[in-house]
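In this chain, numbering begins with 1 at the start of the sequence shown. Here the structure is a predicted model, which means the values were calculated and not measured. What's counted below: heavy atoms across the whole structure, side chains too, no hydrogens, waters or symmetry copies.
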Amino acid sequence: MNTLKEILSLPPRKLLGLAISNPGLRKVALDSVKKIIYKNLIATSERHTKPIREAQYQAIVNMLLAIDRAFAEDLISKSVKDRLLKIFIGKIVMRDEKVIKNFCAKYNSGPPGFLVISPVKQCNLKCAGCYAASVINSNEQLDYKIVDRIISEKTKLWDSYFTVISGGEPFLWNFNGKTILDLFSKHNDNYFLMYTNGTLINKAVAERMAEIGNVTPAISVEGFEEQTDKIRGKGIFKKILQAMENLRAAGVPFGISVTATKENAELLMSDEFIDFFFNKRKALYGWLFQYMPIGRALTLDRMVTPEQRKWMLEREQNIIFEKQLPYFDFWNAGFYASGCIAGARSGGYFYIEWNGNITPCVFFPYSIGNIKEIYNRGGNLNDVINSPLFKKIREFQSNYGYNKIGSVIGNWFAPCPIRDHYDFAYRAIKETKAYPIDETANVAINDPLYYQGLVSYGKIYQELTAEKWRNLFLENNNIWKNKFKERRKNV
């Protein structure tokens with residue numbers, strides 16, 4: 001193989017393989033992947049949905065740019081480079097469409113793209129507003145063999161090579177001597193995103209993660225030192241910075257996970273905050289979760305206001321399109337994923353917590369069954385997909401525009417069933433007899449003020465963003481023309 005023309009003619013996965021051993025080909029390989037993604041997303045899309053596909057393309061490009069930056073600045077170990085190219089890009093970004101089509105033919109829906117699993121409720125911190133209400137003395141956890149089976153099964157059934165680990169604090173999971181790092185090591189065909197408070201990532205742990213190569217931790221912060229220590233405990237921010245230093249030294253890519261409340265929303269979207277974590281601390285990505293009134297000490301009072309959320313939406317677009325950083329607001333970024341991704345939607349996910357309860361989403365604490373019971377009666381993960389609650393959620397997604405075109409699409413700035421359309425979520429929970437997974441979820445579903453507050457919140461936010469949605473995505477596509485003109489030249 002001597003010429004560039006011959007190299008470019010290789011299938012993308014083989015080209016990526018060459019890029020592992022030849023850094024000079026990395027840009028060529030990533031550009032090839034970008035062209036394929038652009039073609040699949042945009043070239044054949046219907047005119048009215050093209051602006052949405054352009055936005056989705058930009059989101060994927062930002063992730064690829066982060067990976068390129070990790071290579072260029074030598075932020076990752078050799079083992080991590082290998083896993084990023086072979087698994088994250090080769091199997092996740094470029095997922096096998098044949099498997100999806102075969103699954104759809106059998107189940108009338110594409111397979112989920114990933115799972116979120118919380119193997120343990122225990123945590124060494126006791127943060128205010130924790131969605132999981134985690135505590136240090138909890139003994140609630142999943143058997144290692146069950147988690148092992150779950151990951152093997154979803155990989156085989158769905159051709160899914162991406163797994164998200166949450167908690168509790170995952171580093172505290174220890175079942176008969178097996179830890180979260182043992183799980184990552186065994187399933188070296190998967191790439192893992194793990195949410196962690198970071199306080200247990202010492203040098204030895206970071207070096208072990210680098211050696212395994214298939215995990216990226218998203219470390220929780222609430223802002224700078226004052227804001228983080230106020231929520232997480234005195235001295236925690238300094239421990240987080242040390243964890244980041246340990247990860248950088250070992251060559252493990254990491255990101256940040258932040259929770260926006262009405263007190264810190266502007267700070268978390270500020271240039272100062274982004275510069276500190278992305279440029280100075282070398283975080284490669286960020287996930288912003290708006291505070292949800294579930295878990296410990298739930299209250300509607302901590303939620304970002306509808307007006308703040310609209311401002312956050314506009315600010316996020318600047319970060320995505322101008323700064324070209326992969327910093328996504330889980331709710332406001334709904335249009336990047338064509339709406340809500342919960343309830344085992346095609347390409348989406350569902351959630352399994354430490355007692356085995358299965359819910360549509362991490363932030364939808366009502367269950368339709370338990371994975372341990374499903375396994376005991378000889379079932380598998382596919383038995384979950386057509387449960388009554390999941391089917392109702394997917395019907396909502398479809399009615400709201402998923403796989404639809406043009407003006408039929410609902411306002412994907414407000415895509416969430418349980419946050420933006422609580423009246424629907426409430427009815428779905430009641431009609432399917434889904435059960436609350438904890439006492440706070442039980443309190444919420446039976447509290448008329450909680451119901452009224454969330455329904456009102458959703459209506460106000462939808463009204464605030466309705467015109468922006470129509471103008472930006474559905475009616476005046478010329479708004480997007482200049483934004484993408486230069487980028488199209490490079491595709």
remark   = For residues 446-456, the side-chain hydrogen bond (donor to acceptor under 3.5 Å, both in side chains) pairs (sequence neighbours left out) are N442-N446
Looking at every heavy atom in both [X] and [Y], which two are closest together, and how far apart are they?
X: G198; Y: A243; value: O-CB, 3.2 Å
X: N246; Y: A206; value: O-CB, 3.5 Å
X: L298; Y: A444; value: CD2-CB, 4.4 Å
X: A283; Y: G255; value: CB-CA, 4.2 Å
X: Y349; Y: V362; value: OH-N, 3.2 Å
X: P306; Y: Y457; value: CD-CE1, 3.6 Å

Nearest-0.5 Å distance that lies between atom [atom1] in [X] and atom [atom2] in [Y]:
X: I212; Y: L183; atom1: CD1; atom2: CG; value: 9.5 Å
X: L325; Y: M63; atom1: CG; atom2: CE; value: 13.0 Å
X: I352; Y: I150; atom1: CD1; atom2: CD1; value: 4.0 Å
X: L313; Y: T465; atom1: CG; atom2: OG1; value: 7.5 Å
X: L75; Y: I67; atom1: CG; atom2: CD1; value: 12.5 Å
X: W158; Y: N382; atom1: CH2; atom2: CG; value: 7.0 Å

Once ring-ring contact (aromatic ring centres under 6.0 Å, His included) is applied, do any residues pair with [X], and if so which ones, sequence neighbours excluded?
X: Y375; result: none
X: F364; result: none
X: F278; result: Y327
X: F396; result: Y400, H421, F424

Quick one: salt bridge (charged side-chain N to carboxylate O under 4.0 Å, His left out) pairs with a partner in [range], sequence neighbours left out?
range: residues 194-211; value: R208-E211
range: residues 300-310; value: R309-D420
range: residues 233-254; value: E225-K238

Pairing residues for [X] by the salt bridge (charged side-chain N to carboxylate O under 4.0 Å, His left out) criterion, not counting sequence neighbours:
X: R419; value: none
X: E73; value: R69, K282
X: R394; value: none
X: D148; value: K186

Strictly distance-based, threshold 3.5 Å: is any side-chain N or O of [X] a donor or acceptor partner for the main-chain N or O of [Y]?
X: D229; Y: I236; answer: yes
X: S270; Y: L267; answer: yes
X: E322; Y: N318; answer: no
X: N190; Y: N214; answer: no
X: T359; Y: Y366; answer: no
X: W412; Y: A337; answer: no
X: Q308; Y: K262; answer: yes
X: T216; Y: P253; answer: yes
X: K372; Y: N355; answer: yes

query = For N124 and E169, does a side-chain donor sit closer than 3.5 Å to a side-chain acceptor?
reply =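 N124 vs E169: no donor-acceptor pair found between side chains.
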inquiry  = Could you check whether K230 pairs with E222 (Lys NZ or Arg NE/NH1/NH2 to Asp/Glu carboxylate O, under 4.0 Å)?
reply    = no
query = Under a 4.0 Å N-O cut-off, is there an ion pair linking D329 with R315?
reply =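 Result for this pair is no, no salt bridge flagged.
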query = Centres of the F335 and F413 rings: under 6.0 Å?
reply =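 When the ring centroids of F335 and F413 are compared, they turn out to be within the sub-6.0 Å range.
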ask   = Can we call the ring centroids of Y461 and W331 under 6.0 Å apart?
value = no
S77 vs V252 side-chain heavy atoms within contact, under 4.5 Å =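 Counting from C-beta outward, S77 and V252 never come under 4.5 Å.
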inquiry  = Could you tell me if the side chain of N264 sits less than 4.5 Å from the side chain of I231, heavy atoms only?
reply    =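 Of all side-chain heavy-atom pairs linking N264 with I231, none is under 4.5 Å.
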request  = Look at the rings of F237 and F224 and say which category their plane angle falls in: under 30° parallel, 30 to 60° tilted, over 60° perpendicular.
outcome  = perpendicular
request  = Applying ring pair (Phe, Tyr, Trp, His ring centres under 6.0 Å), run through F175 and Y144 and close with a yes or a no.
outcome  = CA-CA 6 Å; F175 198 95; Y144 179 89; 8.1 Å; no
